Amino acid sequence: MALTKKQAVALLIADDPRLIAGLLRQADAARKKFMGDAVHVRGVIEFSSYCRRNCLYCGLRCANRHLRRYRMSSGEIYAAARHAVALGIKTVVLQSGEDSRYGGKEFCLLLERIKKLGLAITLSMGELAYRRYNELKSAGADRYLLRFETSDPALYAHLRPGCRLKERLRCLGWLDKLGYQVGSGAMVGLPGQTAGSIADDVFLFKELNLDMVGIGPFIPHPHTPLAKAAGGSLELALKTVALTRIATKNTHIPATTAVGTIDSQGRQKALRCGANILMPNLTPAKYQKLYEIYPDKICIAADAVDATRRILASLGRSIADGYGHSLKRK
Ligand code: 5AD
Ligand code: SF4
């Protein structure tokens, strides 16, 4: 039977440990049924910390003058992709702020070279023109991550000055139409966000028929206007992961870095209530600390795959073979 909004809200606000444990167990069973025990590993390369946007929650916002910014050259990005291959990783996620220096001809040539390494390419570089998304797809990008952050249009407009939820959703529609495997996601525990709005996020994930959904707790960053706000809790994030697994069935769901940052066992816990993806950070060490979306971001870095294997072995899970493409039928 399909989950109703009333049930979702009741579970999101529930504090009965038995009820919560039941939800997480049900999600773990759904993960096992639809995705199996193998966990897909995606290597993240954070190639530029420049961003033209000014999101209230994010450390990369353009008004944050405390951040030393960096851009990786094509050669550096390519070297990081080769490192991924050497580690046995099959997907690289190329992530940045909204930086218009990338996405043009040189970047397309870089994607073509990375494709020749036999990697699947996921892009996560924000809102671009339709034409740009099209060119990047033709150059070899397979997937695109663009979180809608919150499904509440007023909260969205408040947290992302100058941006509109409608435009975000239009981009997601374009990406789908262009044949990308599309990922989205949201933060939980944002100031002004309600349980009803998080339930709406989950139903929107389902409605969009997404291939991937990333969920993380909001973590306040000291050099943002939300420095003094309360952050999202691990419990709320895990409940949302669980509801998303139950509602979307065979969507790829990562155990996010944000979940691992607020709790040292956060990713392990997420993998036991719906998540089936890990995304170790392959950004070169000298840049990693500078990509400070939120403080104290953890990374599974130099020993990325070893650390990943250790996490999975402790859970009785294994690393998946293959690319881990979408399981959705379009
Ligand atoms: N806390 C947690 N997640 C954040 N993001 C941005 N800022 C924060 C924060 N302060 C998330 C957003 C964005 C992704 C790259 O990081 O969801 O899409
Ligand atoms: Fe830029 Fe994304 Fe951070 Fe907003 S959330 S400031 S778009 S990097």
Side-chain angles (χ1 to χ4, degrees), residues 42 44-67 69-71 93-103 122-128 144-152 155-165 167-168 171-172 182-193 198 201 205 210 212-234 236-237 240-241 244 253-263 266 270 279 281 283 290-299:
R42 327 281 203 202
V44 182
I45 303 167
E46 296 153 334
F47 63 86
S48 166
S49 64
Y50 283 84
C51 187
R52 66 185 173 120
R53 304 280 192 199
N54 211 15
C55 304
L56 265 51
Y57 46 79
C58 177
L60 301 191
R61 66 198 307 269
C62 59
N64 180 11
R65 303 267 171 245
H66 297 271
L67 193 66
R69 309 269 173 172
Y70 70 90
R71 289 188 171 104
V93 180
L94 303 183
Q95 186 161 73
S96 68
E98 286 199 14
D99 181 356
S100 58
R101 294 269 190 100
Y102 296 84
T122 305
L123 298 178
S124 175
M125 47 200 291
E127 293 181 32
L128 301 173
Y144 205 101
L145 303 180
L146 189 73
R147 291 184 174 186
F148 59 70
E149 314 295 2
T150 170
S151 60
D152 174 339
L155 183 62
Y156 183 96
H158 168 67
L159 293 174
R160 314 196 75 222
C163 301
R164 292 283 173 272
L165 179 61
E167 288 162 18
R168 196 78 164 177
C171 286
L172 287 169
V182 182
S184 192
M187 283 174 286
V188 297
L190 289 164
Q193 191 183 38
I198 297 173
D201 296 349
F205 296 147
L210 295 165
M212 303 160 285
V213 174
I215 294 154
F218 159 63
I219 303 171
H221 186 295
H223 296 130
T224 65
L226 298 181
K228 297 261 148 41
S233 70
L234 177 70
L236 183 60
T240 310
V241 166
T244 301
I253 302 178
T256 58
T257 306
V259 167
T261 297
I262 60 166
D263 183 309
M279 301 174 72
N281 193 331
T283 309
L290 301 177
Y291 200 83
E292 200 193 52
I293 296 177
Y294 45 78
D296 306 321
K297 204 176 105 214
I298 49 133
C299 15

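Each ligand, and each atom within it, is numbered from 1 in the order the structure gives. Owing to the predicted nature of the structure, the values given are computational and were not obtained by experimental measurement.
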Note down each nitrogen or oxygen pair, ligand 1 side and protein side, whose separation is under 3.5 Å; give only atom names and the distance to 0.1 Å.
| from | atom 1 | to | atom 2 | distance (Å) |
| --- | --- | --- | --- | --- |
| ligand 1 | 1 (N) | I219 | N | 2.9 |
| ligand 1 | 1 (N) | I219 | O | 3.4 |
| ligand 1 | 10 (N) | Y57 | O | 2.8 |
| ligand 1 | 10 (N) | I219 | O | 2.7 |
| ligand 1 | 17 (O) | R147 | NH1 | 2.8 |
| ligand 1 | 17 (O) | E149 | OE1 | 2.5 |
| ligand 1 | 17 (O) | E149 | OE2 | 3.3 |
| ligand 1 | 18 (O) | E149 | OE2 | 2.5 |

Near ligand 2, which residues have a heavy atom under 4.0 Å away from one of its atoms? C51, R53, C55, Y57, C58, L60, R61, G97, R160

How about R53 and C163: do any of their side-chain heavy atoms sit closer than 4.5 Å? yes

Assess the residue pair Q193 and D152 against the criterion (side chain to side chain donor-acceptor pair (under 3.5 Å)); give the C-alpha distance rounded to whole Å, side-chain angles, the decisive distance to 0.1 Å, and a yes or no. CA-CA 8 Å; Q193 191 183 38; D152 174 339; over 6 Å; no

Salt bridge (Lys or Arg N to Asp or Glu O under 4.0 Å) partners of R101, counting only residues at least two apart: none

Honestly, is R164 close enough over Y156, meaning NZ or CZ under 6.0 Å from the six-membered ring centre and within 45° of the axis? no

Going by heavy atoms in the side chains, are P222 and P295 under 4.5 Å from each other? yes

Does any part of the side chain of S184, heavy atoms only, come nearer than 4.5 Å to the side chain of L172, both counted from C-beta? yes

I'd like to check the salt bridge (Lys or Arg N to Asp or Glu O under 4.0 Å) partners of R69; sequence neighbours left out, ordered by chain and number. none

Could you give the distance from CE (M279) to CZ (R42), rounded to the nearest 0.5 Å? 8.0 Å

Can you confirm whether the side chains of R160 and Y57 place a donor and an acceptor under 3.5 Å from each other? yes

